[in-house]
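Step one of this worksheet: look at the structure below.
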Protein chains: 2
Amino acid sequence: MSNQALFESTIRHVAVLKAASDEEVQLIARMGIQRSIEDGAFFFMQGDPAEYLYIMLTGRAKLCQIAPDGQQVNLRTLNPKQLFGAVGAVDPQATYPACAQALEDSSAIAICSAEFRKLLEEHPHLSFGLMKLMTGYISEMQNRYREMATEKVEQRIARVLLRLAGQTGKRVEEGVLIELSFSRQDLAEMAGTTLFTVSRVLSAWEKQKLIATGRERVMLTNPHAVMRLAEGLDEK
Amino acid sequence: MSNQALFESTIRHVAVLKAASDEEVQLIARMGIQRSIEDGAFFFMQGDPAEYLYIMLTGRAKLCQIAPDGQQVNLRTLNPKQLFGAVGAVDPQATYPACAQALEDSSAIAICSAEFRKLLEEHPHLSFGLMKLMTGYISEMQNRYREMATEKVEQRIARVLLRLAGQTGKRVEEGVLIELSFSRQDLAEMAGTTLFTVSRVLSAWEKQKLIATGRERVMLTNPHAVMRLAEGLDEK
DNA sequence: CGCCTTCTTTGCGCTTGCGCAAAGAAGGCG
DNA sequence: CGCCTTCTTTGCGCAAGCGCAAAGAAGGCG
């Protein structure tokens with residue numbers, strides 16, 4: 001498949017652009033260039049000028065923030081067909097508010113923010129898709145913020161597992177399997193805690209047969225119980 | 001001043017709509033109706049269908065989330081000329097992701113989301129202002145999320161004070177005064193902690209002469225020291 | 001002025017979860 | 001196969017911050 005065709009077929013399935021006509025899809029595809037990066041490399045760093053926006057083609061990446069002191073927080077994972085890094089299309093002077101780091105060898109369509117902005121001006125109905133994405137983010141971040149502020153570690157870890165299960169979990173005989181390169185450290189960054197605490201909590205749950213763990217691997221053998229934990233029911 | 005004239009002069013100074021022409025400002029003003037509510041009342045509740053968006057006229061309100069168990073988290077305060085509750089203009093089926101509660105008797109221009117959406121369709125350049133607002137929110141929420149995840153209580157409280165000082169602080173002889181109806185409880189909800197902890201921390205700072213406190217009142221006598229605390233420098 | 005409500009402080013005990021160190025798996029790769 | 005790296009677990013001690021109760025200000029209002 002030619003690059004152009006590959007781009008088009010991917011773009012056609014991007015949620016944000018579902019209102020795009022065939023013609024618009026073609027236009028966007030022509031604006032794109034492919035960028036492939038290795039596991040651990042960055043599509044962009046927090047604070048860089050937001051010159052490109054991206055649409056994930058293959059692989060996975062994480063959006064994360066790095067505090068001045070080096071501590072990291074994981075905001076979300078980026079999967080194929082997801083659009084990310086679009087701030088530049090809205091404000092030409094914007095810088096990325098987070099960094100995007102590949103969790104495995106990955107590739108994405110890179111589109112020049114300024115060009116995309118022009119496209120938005122000429123095809124304004126596309127803005128609605130983008131705005132919907134943004135309001136969704138806002139709403140999600142507000143919820144996560146509340147969770148971080150009011151819930152305790154166990155609940156937050158349970159939520160992380162459920163979110164991952166929903167995004168990339170595979171249903172197998174014994175439960176739902178999350179098998180990706182997520183170390184305890186990564187889980188800790190998603191839950192806002194330390195790898196030690198994550199390890200301890202998962203061990204405890206394993207003893208209670210709620211989950212089964214392995215190296216960079218978690219299986220939810222009793223997803224329903226994990227959901228109850230996330231909701232903070234079981235309050236002892 | 002007639003309502004229409006009042007609306008227009010307010011709308012003209014709304015940051016999100018600064019790209020609006022005089023004509024557009026008039027159009028928007030005509031769509032608005034005034035809503036006045038009492039201290040403690042709600043413009044809208046989390047989960048309500050987002051039928052209206054608002055522009056604050058007088059008073060102040062807080063945007064907050066309420067957890068299923070009743071715990072609250074404070075997201076931001078709304079001041080005059082700020083636009084809020086605009087999700088409905090983007091997605092007709094959206095519900096408000098937070099609630100807006102008046103901190104004092106307040107009034108706002110209420111604009112029907114569906115009408116505003118039509119306006120956006122016909123005057124698409126206005127979308128850019130809205131999108132810029134949204135990306136700003138996202139970026140801010142991501143930062144706050146990181147802070148909540150990685151910083152400890154003292155730092156977060158310091159940040160809350162600085163944010164309030166920046167928004168509504170008055171410069172007086174002895175320092176910067178924050179004199180609003182923010183109880184220790186409110187501060188706790190903003191910092192993601194408990195009123196007891198806030199009280200203790202503020203008492204400690206008062207002993208060190210960094211601040212002076214009173215009932216629903218805080219004065220930063222040594223703002224620079226508070227900034228250092230917020231940055232987590234002073235690490236003992 | 002005095003009562004009443006609301007807000008604030010403080011003491012005390014205790015839980016949660018962090019920090020570190022050290023040891024134990026699990027792969028990867030030559 | 002065996003070494004090396006990376007990931008994970010666990011024990012132990014400790015500090016931060018929560019929860020509660022009770023008492024002490026500060027206003028508000030009749």
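Letters A, B, ... mirror the listed sequences (proteins, then strands); counts begin at 1.
With respect to the salt-bridge test (charged N to carboxylate O, under 4.0 angstrom), the residues Arg159(A) and Glu151(A) qualify. Salt-bridge check for Lys62(B) with Glu189(B): passed, with a basic side-chain N closer than 4.0 Å to an acidic carboxylate O.
Side chains of Leu75(A) and Cys64(A) form no contact here, defined as non-hydrogen atoms less than 4.5 Å apart.
For the pair Gln71(B) CD and dG19(D) C1', the interatomic distance rounds to 12 Å; values are reported in whole Å. What separates CD of Glu154(A) from C1' of dT16(C) is a distance of 10 Å, to the nearest Å.
OP1 or OP2 of dC18(C) has at least one side-chain nitrogen or oxygen of Thr193(A) nearer than 4.0 Å. Between Thr194(B) and dC18(D), a side-chain N or O to OP1/OP2 separation shorter than 4.0 Å is present.
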* Using Watson-Crick or G-U wobble pairs with both distances under 3.5 Å, give me DNA chain D in dot-bracket, 5' to 3', with [ ] for crossers and | for pairs to another strand. => ||||||||||||||||||||||||||||||

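Using modelled atom types and a 3.5 Å distance limit, the side chains of Glu174(B) and Thr221(B) yield no donor-acceptor pair.
The cationic atom of Arg76(B) (NZ for Lys, CZ for Arg) lies less than 6.0 Å from the six-membered ring centre of Tyr137(B) and within 45° of the ring axis.
Under a cut-off of 6.0 angstrom, the local environment of CD in Glu38(A) is sparse, with at most 12 non-hydrogen atoms contributed by other residues, nucleotides or ligands.
Using bins of under 30°, 30° to 60° and over 60° for the plane-to-plane angle, the ring pair Tyr54(B)/Phe84(B) lands in the parallel bin.
For the ring pair (Phe, Tyr, Trp, His ring centres under 6.0 Å) condition, no pair includes a residue of residues 183-213 of chain A, sequence neighbours left out.
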* Structure fact -> Reading nucleotides 5-10 of chain D from 5' to 3' and marking B where a protein heavy atom lies under 4.0 Å of the base, S where only the sugar-phosphate is that close, and - otherwise, the string is -BSSBB

